[in-house]
Amino acid sequence: MTDTPSDDPRPYSPGLEGVLAGETAIALVDGANGRLLYRGYPIGELVEHGTYERVAELLWTGEWTQEAGLTPSPVPGPVLSALRSLPVGTNPMDAVRTAVSMWGSLNRPSWPPNAEEARAMTCLAPSALAAFARLRDGLEPVEPEGSLGLAAGFLHQLRDEVPNEASARALDAYFVVAAEHGFNASTFAARVITSTRSDVASAVCGAIGALKGPLHGGAPTEVVNQLHEIGSPERAEAWINEALDRGERLMGFGHRVYRAYDPRAAALRKVAEGMGSTTEWLALAVKVEDVALRILAERHPDRPLKTNVEYYTAAVLQGIALPPDLYPATFAIARHAGWTAHAIEQAGDNRLIRPDVRYTGPAERSVPRAAARV
Ligand code: ACO
């Protein structure tokens with residue numbers, strides 16, 4: 001029996017860093033070599049030759065299909081009522097989580113989760129976020145257009161205007177890149193919830209909660225703020241040094257797994273460079289990135305800190321003029337494909353996820369007795 005920390009000889013890795021916590025056939029995140037494969041296909045090729053709908057089907061079924069025809073679904077009345085009842089200042093992540101929760105109450109998803117449920121949730125998410133974004137601006141939601149894919153359909157429902165080809169393509173590329181990323185915190189949360197035989201809506205609600213944290217999905221908004229504060233390339237060096245001296249982190253840099261340049265950042269940088277609308281902002285971003293990488297390498301010679309996906313996510317989302325406070329929730333709607341694929345995989349060979357913890361509290365002792373009455 002062990003009752004003090006020193007009695008337990010097993011190694012402990014804070015944040016579970018480096019710990020193998022499961023097996024997956026969905027994606028390979030090769031941090032040392034900066035590779036990301038979805039079911040064997042490199043992310044760069046998927047961005048160039050795929051669409052989010054095909055990639056989502058690939059994640060759910062393992063098959064590459066040319067037929068994937070997912071389009072945004074109408075928001076069911078009770079989900080819309082729930083969105084209408086939210087305070088105007090609600091965090092958009094909370095709005096998506098509320099929509100998923102209400103969808104779960106209406107549809108009572110089964111256990112084990114299946115691809116049909118995954119499709120339904122992934123097709124609802126863009127419509128729900130667009131509806132909330134309009135409602136908070138005092139506008140009525142827009143009905144989905146059946147001929148548009150999920151990224152283009154999201155923009156259409158947000159603005160009541162069919163997006164131009166370049167914006168639709170850029171957002172679709174972002175959706176592909178954001179769809180899946182191994183055992184990140186939100187996906188792990190989804191798998192833990194699924195492992196209890198809870199339903200896929202509950203798993204996605206938990207995942208959204210995990211993604212909401214600034215260390216995970218909140219970074220692109222911070223990247224925009226960071227670049228606004230820096231303002232011009234000449235100010236980059238001083239601003240970065242001062243921020244690091246204050247103990248702050250540079251948003252859009254560093255990653256738990258990648259020690260090489262994040263392949264998603266590379267793919268999105270290419271997309272951003274192809275978008276005419278981002279030129280000035282992108283030039284600043286590229287310059288700040290160069291300076292940041294040099295300073296981070298000088299300050300952390302033993303810990304490679306490279307650009308992560310969020311840095312160029314900010315460039316792409318800025319290029320299509322998405323309001324920065326919608327960035328994390330846009331990430332959440334794109335990640336629905338990965339979360340639900342992991343829920344299906346977890347359920348396929350399920351074992352309750354319940355790790356051990358090292359106890360660091362007092363050794364066994366007696367509760368103080370009440371003082372004797374006099
Ligand atoms: N800026 C400055 N220093 C950093 C940064 C950064 N962005 N990231 C890590 N470091 C430093 C840490 O201060 C620490 O230094 P120390 O050893 O002197 O204390 C060292 O590098 C190691 O950092 P850890 O916290 O151990 O790294 P961890 O793997 O836990 O962190 C994380 C990964 C959370 C992404 C981190 O790099 C970070 O906070 N980055 C900024 C936020 C960000 O961009 N998040 C998006 C991540 S991508 C995604 O979630 C989709």
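If you read the sequence from its start, that first residue is 1, and numbering goes on from there. Whatever order the structure lists them in is the order used to number ligands and atoms, beginning at 1.
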Item to check | Within reach of ligand 1, part of His300 (heavy-atom separation under 4.0 Å) | outcome: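 The part of His300 near ligand 1 is the side chain, not the backbone.
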Checklist entry - Nearest protein heavy atom to atom 19 (O) of ligand 1: under 4.0 Å? => result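 False for atom 19 (O) of ligand 1.
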Checklist entry - Between the side chain of Arg259 and the main-chain N/O of Gly31, is any donor-acceptor distance below 3.5 Å? => result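 A pair under 3.5 Å: no.
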Next on the checklist: Starting from atom 35 (C) of ligand 1, what is the nearest protein heavy atom, named by residue and atom, and what distance separates them?
Outcome noted: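 In this structure, atom 35 (C) of ligand 1 has Gly254 O, 3.8 Å as its nearest protein heavy atom.
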Checklist entry - At a 4.0 Å cut-off, with the gap strictly under it, does some heavy atom of Leu244 reach an atom of ligand 1? => result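 Heavy atoms of Leu244 do come under 4.0 Å of ligand 1.
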Checklist entry - Starting from atom 36 (C) of ligand 1, which protein heavy atom do you reach first, and at what distance in Å? => result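 Its nearest protein heavy-atom neighbour is Arg249 NH1, 3.3 Å.
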Next on the checklist: Quick one: does any side-chain atom of Tyr52 pair with a main-chain N or O of Ala334 as donor and acceptor, under 3.5 Å?
Outcome noted: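 Side chain of Tyr52 to backbone of Ala334: a pair is present.
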Checklist entry - Is it true that Leu296 lies under 4.0 Å from ligand 1, counting heavy atoms only? => result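 The answer is yes: ligand 1 sits under 4.0 Å from a heavy atom of Leu296.
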Checklist entry - Has Gly252 got any heavy atom lying under 4.0 angstrom from an atom of ligand 1? => result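 Yes, that is the case, since the closest heavy atom of the residue is under 4.0 Å from the ligand.
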Item to check | Electrostatic pair Lys287:Asp290 at N-O distance under 4.0 angstrom | outcome: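 No, this pair does not count.
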Next on the checklist: Between Tyr312 (side chain only) and Thr307 (backbone N and O only), is there a donor and an acceptor less than 3.5 Å apart?
Outcome noted: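 No: the side chain of Tyr312 does not pair with the backbone of Thr307.
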Next on the checklist: Main chain of Thr313, side chain of Tyr327: is a donor-acceptor contact present, judged purely on distance under 3.5 Å?
Outcome noted: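 No; judged by distance alone, with no hydrogens or angles, the pair does not exist.
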Checklist entry - Short question: side chain of Thr340, backbone of Ala337 - any donor-acceptor pair under 3.5 Å? => result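 Between the backbone of Ala337 and the side chain of Thr340 there is a qualifying donor-acceptor contact (under 3.5 Å).
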Checklist entry - Does Arg256, backbone or side chain, put an N or O under 3.5 Å from an N or O of ligand 1? => result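 Such a contact does occur with ligand 1.
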Checklist entry - Say you draw a straight line from NE2 of His181 to OG1 of Thr187; how long is it, rounded to the nearest 0.5 Å? => result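 OG1 of Thr187 is found 9.5 Å from NE2 of His181.
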Next on the checklist: Students should be able to answer this: which protein heavy-atom is nearest to atom 1 (N) of ligand 1, and at what distance?
Outcome noted: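 Among all protein heavy atoms, the one nearest atom 1 (N) of ligand 1 is Leu250 N, 2.9 Å.
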